[in-house]
A.B. asks: 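Encoded as structure tokens, here's the structure I'll be asking about.
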Amino acid sequence: MSIISTTSLESNKRIKINFKGGILSSDAGLLLIKEFAAKTGLISLVKRIFKTDGNIGRPHTDADYLLQLIFQIIAAYFEDNCADELSKEPVFLEILRKESLAAQPTLSRFWNRMDESSLRQLDQIGAAMQDTVYAIRHPEMMLFDLNFTLLNTYGHHSTFITS
């Protein structure tokens, strides 16, 4: 049996995951979501495609705002007001690679800058991610090993094979 002692994320080598205890954050699961988003290309797509008018002179890019909102929503922080509570949250700062997050008024102004061009860009990102998902090679066969009760089956169970 192998034991995972410490693992680094491919999207950010500074982040180490281990099982030695200690509390980093109640939002630590976002580290794995960030890894998934990086590996599927979502983050690079957002940074390459998404821009609105009126971002000149701001400390964050439009891609930064959008990614912050995406991660907030995934972590069940559904309202812009949550950004104020998260402004110094260590996991959010690390996954977004920021010293501080955009505050609620900034996010509200970001939403107000959305227009038809913004929606087309979001559609473009969504279509590209759909292409990524559909490009995954489907398995030739799936094996379902189903037990119909919660009792021990002792070998009396059904196996369905689809192809």
Side-chain angles (χ1 to χ4, degrees), residues 1-139 142:
M1 180 170 99
S2 65
I3 297 174
I4 298 175
S5 57
T6 300
T7 303
S8 295
L9 297 180
E10 286 185 30
S11 64
N12 187 342
K13 297 293 183 196
R14 296 182 327 174
I15 297 174
K16 308 278 188 226
I17 299 173
N18 67 43
F19 300 95
K20 296 178 183 172
I23 298 173
L24 172 66
S25 166
S26 62
D27 296 312
L30 285 175
L31 295 168
L32 298 176
I33 300 292
K34 162 76 184 288
E35 182 81 353
F36 176 78
K39 283 189 175 240
T40 58
L42 174 63
I43 293 171
S44 61
L45 267 174
V46 168
K47 288 183 178 185
R48 188 177 80 240
I49 294 174
F50 192 78
K51 293 171 183 52
T52 65
D53 293 332
N55 195 39
I56 299 170
R58 290 184 168 69
H60 307 284
T61 66
D62 287 327
D64 293 334
Y65 296 132
L66 183 57
L67 289 169
Q68 178 179 335
L69 287 166
I70 288 170
F71 286 115
Q72 277 187 213
I73 290 167
I74 288 171
Y77 298 107
F78 299 111
E79 298 182 13
D80 294 352
N81 287 341
C82 296
D84 293 338
E85 297 170 25
L86 299 171
S87 65
K88 297 293 182 185
E89 210 291 327
V91 169
F92 275 89
L93 297 175
E94 188 59 40
I95 63 173
L96 296 168
R97 299 205 176 180
K98 294 287 180 184
E99 292 185 23
S100 66
L101 299 182
Q104 177 274 320
T106 304
L107 291 179
S108 294
R109 286 190 296 273
F110 170 72
W111 284 122
N112 289 335
R113 285 198 312 275
M114 294 287 182
D115 58 12
E116 286 188 36
S117 172
S118 306
L119 295 177
R120 281 192 298 276
Q121 292 171 49
L122 290 173
D123 280 344
Q124 186 178 359
I125 292 166
M129 290 307 299
Q130 185 176 5
D131 291 344
T132 299
V133 170
Y134 288 160
I136 296 171
R137 190 175 132 187
H138 295 279
M142 293 181 70

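Starting from 1, each residue takes its place in the sequence as its number.
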A.B. asks: Give, for atom CG of Leu42 and atom CG of Leu66, the distance between the pair rounded to the nearest 0.5 Å.
C.D. replies: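 It comes to 8.0 Å.
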
A.B. asks: What residue pairs, at least two apart or across chains, pass salt bridge (charged side-chain N to carboxylate O under 4.0 Å, His left out) with a residue in residues 90-109?
C.D. replies: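 Applying salt bridge (charged side-chain N to carboxylate O under 4.0 Å, His left out) to every pair that reaches into residues 90-109, excluding sequence neighbours, yields Arg14-Glu94, Asp64-Lys98.
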
A.B. asks: Of all residues at least two apart in sequence or in a different chain, which pass the side chain to side chain contact (heavy atoms under 4.5 Å, CB included) check with Ala102?
C.D. replies: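 Listed in chain order: His60, Tyr65, Gln68, Thr106, Leu107.
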
A.B. asks: Under the side-chain hydrogen bond (donor to acceptor under 3.5 Å, both in side chains) rule, collect the residues that match up with Ser11, sequence neighbours excluded.
C.D. replies: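 Ser11 satisfies side-chain hydrogen bond (donor to acceptor under 3.5 Å, both in side chains) with Glu35 once adjacent residues are dropped.
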
A.B. asks: Any sub-3.5 Å donor-acceptor pair from Glu89's side-chain atoms to Phe92's backbone N or O?
C.D. replies: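 It does hold such a pair.
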
A.B. asks: Just jot down the side chain to side chain contact (heavy atoms under 4.5 Å, CB included) partners of Ala128, sequence neighbours excluded, or say none.
C.D. replies: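 Scan of Ala128 (side chain to side chain contact (heavy atoms under 4.5 Å, CB included), adjacent residues dropped) gives Leu45.
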
A.B. asks: Let me confirm one number: the OG-NZ distance from Ser100 to Lys88, rounded to the nearest 0.5 Å.
C.D. replies: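 Going from OG on Ser100 over to NZ on Lys88, the span is 5.0 Å.
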
A.B. asks: For residues 122-133, pull every pair meeting side chain to side chain donor-acceptor pair (under 3.5 Å), keeping only residues two or more places apart or in separate chains.
C.D. replies: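 Of all non-adjacent pairs touching residues 122-133, those that pass side chain to side chain donor-acceptor pair (under 3.5 Å) are Gln130-Tyr134.
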
A.B. asks: Using side chain to side chain contact (heavy atoms under 4.5 Å, CB included) as the criterion, list what pairs up with Ser117, not counting sequence neighbours.
C.D. replies: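 For Ser117, the residues satisfying side chain to side chain contact (heavy atoms under 4.5 Å, CB included) (neighbours in sequence not counted) are Asp115, Arg120, Gln121.
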
A.B. asks: Using side chain to side chain contact (heavy atoms under 4.5 Å, CB included) as the criterion, list what pairs up with Gln104, not counting sequence neighbours.
C.D. replies: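 Per chain and number, Gln104 pairs via side chain to side chain contact (heavy atoms under 4.5 Å, CB included) with Asp80, Asn81, Asp84, Ser108.
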
A.B. asks: Taking C-beta and beyond as the side chain, do Val46 and Asp62 meet within less than 4.5 Å on heavy atoms?
C.D. replies: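 In short, these two side chains do not touch, never coming nearer than 4.5 Å.
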
A.B. asks: Does any part of the side chain of Leu93, heavy atoms only, come nearer than 4.5 Å to the side chain of Leu86, both counted from C-beta?
C.D. replies: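 The answer is no, as the side chains (C-beta and beyond) never meet within the 4.5 Å cut-off.
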
A.B. asks: Pair Leu119, Met114 - check side chain to side chain contact (heavy atoms under 4.5 Å, CB included), show working.
C.D. replies: CA-CA 7 Å; Leu119 295 177; Met114 294 287 182; 5.8 Å; no

A.B. asks: Looking at side-chain heavy atoms only, is the closest gap between Phe50 and Leu67 below 4.5 Å?
C.D. replies: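 No - every pair of side-chain heavy atoms lies 4.5 Å or more apart.
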
A.B. asks: I need the full list of salt bridge (charged side-chain N to carboxylate O under 4.0 Å, His left out) pairs touching residues 39-50, with sequence neighbours left out, sorted by first then second residue.
C.D. replies: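 Sorted pair list: Glu10-Lys39.
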
A.B. asks: Look up atom CD1 in Ile95 and atom CG in Leu30, then write down how far apart they are to the nearest 0.5 Å.
C.D. replies: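 Reported value, rounded in 0.5 Å steps: 4.5 Å.
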
A.B. asks: Atom CD1 in Ile33, atom CG in Asp27: separation rounded to 0.5 Å?
C.D. replies: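 Between atom CD1 of Ile33 and atom CG of Asp27 there are 11.5 Å.
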
A.B. asks: If I take atom CZ from residue Phe71 and atom CG from residue Leu101, how far apart are they, to the nearest 0.5 angstrom?
C.D. replies: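 Spacing of CZ (Phe71) from CG (Leu101) equals 11.5 Å.
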
